[in-house]
Asker: 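Here you go, one structure.
We use all heavy atoms of the structure for the numbers below, so side chains are in, but hydrogens, waters and symmetry mates are not. Numbered from 1 within each chain, the chains take letters A, B, ... in sequence-line order. All figures in this text were calculated on a predicted structure; none of them were measured in a lab.
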There are 2 protein chains.
Amino acid sequence: MADDDPKHAQLIRLYLEREGHQVLTVGDGRAALEMARSRRPDLVVLDVMMPLVDGLDVCRILRAESNIAILLVTARSSENDMLLGLDIGADDYLAKPVSPRELTARVRALLRRTGASDGPASILRVGDLEVDPGRFEVRVAGAPVNLTAKEFGIVELLAREPGRVFTRGQIIDKTFGFEHDVSERTVDAHVVNLRRKIEANPAEPRYVQTVYGRGYRMAER
Amino acid sequence: MADDDPKHAQLIRLYLEREGHQVLTVGDGRAALEMARSRRPDLVVLDVMMPLVDGLDVCRILRAESNIAILLVTARSSENDMLLGLDIGADDYLAKPVSPRELTARVRALLRRTGASDGPASILRVGDLEVDPGRFEVRVAGAPVNLTAKEFGIVELLAREPGRVFTRGQIIDKTFGFEHDVSERTVDAHVVNLRRKIEANPAEPRYVQTVYGRGYRMAER
DNA sequence: GGCGGCCGTACGGATCCGCGAAGGTTCCTC
DNA sequence: GAGGAACCTTCGCGGATCCGTACGGCCGCC
């Protein structure tokens, strides 16, 4: 979400978080572009009037390079602005003052639409860790990390239910297929390699945690 | 488009047809349901207040059985109505009196999102690669390239979502149709031929990239 | 301090991919 | 209908990458 008025930004953030959305906030257009590119959110809420790069330009640029969902918000409620916004690629357009319930309802409708359109599956997030099943890609603080198929399978499985402990047997069944003749030690090896790639300090894992005598789990955000 | 006021219906029809859309009109909710089921339009414009079955119910029913694009129009502009409409599955909501330009802009935005635009298909671009689904044509740096049907199907599928990884199974399903089981290695063969035609150096593909153990993907611009 | 569980390393084996070749099918031409 | 061309599909091989396991050392629990 991008808005140069901190009060307003905080308000919208509050509305959306109360709905269970995870919200990132920036204060100008350039930051909005960077954030959208590095974090790949499901949806972007843009104020039209912003420093550096205005919302319409951000909208145009983002639309040119992705089909992310875009919702424009503006103080100017002139019809021309709205038409312009919708025509350059915005999915929806709201005039200030924003009604909280209308905002959340439109966000829901838009996410429903983009989520159901066989588009990219939504991204799993835990802290600075992002697991993107559709792209087969994992990012740490925005930086892409190269994982093998098994490593990715494990981190995806764990990230789908942060906090839940998976035994090595469960991990083998769900990510290796049902190849029974696989040692549980193998999981350890993959976890080690995985940590090497995604943990800042593999000795003290922030994400993939060992549960002594049980198995592994993903930390809760 | 469903509206029980013939005047209003005629007006909306005019707006949309002037935009190049093909429009079917009915005067009550039951007819709207039948029409939507039999003709399967890209988008449905529903007046909320209609005889027999009201627009909200039509919306609910259609949403339950398909993910067709739905735009609600109503004379009552209360916020509660709008929230209700969006929550039961409508993609957008307009209050009467309807501005012709807003209507057409929102219809355009919605069709763009659902990907069912009946206008000219847009060209997919990734770097110097252009995929033109409408003309069944691919160009590299402006120079046309001759592709076979399968090759084109693959490059089009990949180019529609750059960065997303498609497994060989998905590629077979979505571009070969649900034909008799085809070996996944077949996809490899087509990819090889495809690369020979569109890649400057097939050994280091710029566009169609291999994701070891997963499948293929289109590079991101 | 003993013991069970975890981590790191290293290596043989399995898997996957690229690519050439060849048989089969479809469609067009004459 | 015969001939031919383009296309689709499969097969097989070599090479690159990844996987699975064993083993020794380490750590945490009792």
Asker: Rounded to whole angstrom units, what separation is found between the NZ atom of K150(B) and the C1' atom of dT9(D)?
Answerer: 10 Å
Asker: Going by the angle between their ring planes, with limits at 30° and 60°, are F176(B) and H190(B) parallel, tilted or perpendicular?
Answerer: perpendicular
Asker: In whole angstrom, give the distance that lies between atom CD of Q209(B) and atom C1' of dC17(C).
Answerer: 15 Å
Asker: Could you list the donor-acceptor pairs under 3.5 angstrom formed by side chains in residues 203-215 of chain B, with sequence neighbours left out?
Answerer:
from, atom 1, to, atom 2, distance (Å)
Y207(B), OH, D128(B), N, 3.4
Q209(B), OE1, R217(B), NE, 3.4
T210(B), OG1, R195(B), NH2, 2.7

Asker: What is the bend of the helix from dG1(C)-dC30(D) to dC30(C)-dG1(D) when you compare the axis at one end with the axis at the other, using five pairs each and rounding to 10°?
Answerer: 40°
Asker: Rounding to an integer number of Å, can you tell me how far L147(B) CG sits from dC8(D) P?
Answerer: 10 Å
Asker: Do any side-chain nitrogens or oxygens of T148(A) fall under 4.0 Å of OP1 or OP2 in dT17(D)?
Answerer: no
Asker: Inspect the contact between R60(A) and D54(A) and indicate whether a charged nitrogen and a carboxylate oxygen are less than 4.0 angstrom apart.
Answerer: no
Asker: In B/S/- notation, 5' to 3', how is nucleotides 5-14 of chain C contacted by protein heavy atoms closer than 4.0 Å?
Answerer: SSSSS-----
Asker: In whole angstroms, how far is the C1' atom of dC7(D) from the CZ atom of F152(B)?
Answerer: 17 Å
Asker: Quick one: I171(B) CD1 to dC17(C) C1', roughly how many Å, whole number?
Answerer: 13 Å
Asker: State, to 0.1 Å, how close S183(B) and I172(B) come at their nearest heavy-atom pair, and which atoms those are.
Answerer: O-CD1, 4.0 Å
Asker: Please classify the nucleic acid contact of H190(B) as base, sugar-phosphate, or nothing, using heavy-atom distances under 4.0 Å.
Answerer: base
Asker: With the threshold set at 4.0 Å, does a side-chain nitrogen-carboxylate oxygen contact exist between E19(B) and R108(B)?
Answerer: yes
Asker: Taking only Lys NZ, Arg NE, NH1 and NH2, and the carboxylate oxygens of Asp or Glu, determine whether E156(A) and R160(A) approach each other closer than 4.0 Å.
Answerer: yes
Asker: Can you measure E151(A) atom CD to dC19(D) atom C1' for me and round it to whole angstrom units?
Answerer: 10 Å
Asker: Which distance, rounded to the nearest 0.5 Å, do you find between the CG of L11(A) and the CG of L16(A)?
Answerer: 10.0 Å
Asker: Between I172(A) (CD1) and dC19(D) (P), how many Å, whole number?
Answerer: 14 Å
Asker: Name the nucleic acid region contacted by S183(B), choosing base, sugar-phosphate or nothing; use a 4.0 angstrom heavy-atom cut-off, strictly under.
Answerer: sugar-phosphate
Asker: What are the two closest non-hydrogen atoms of V23(A) and R13(A), and how far apart are they?
Answerer: O-NH2, 3.0 Å
Asker: Do the side chains of D3(A) and V73(A) get nearer than 4.5 Å, heavy atoms only?
Answerer: no
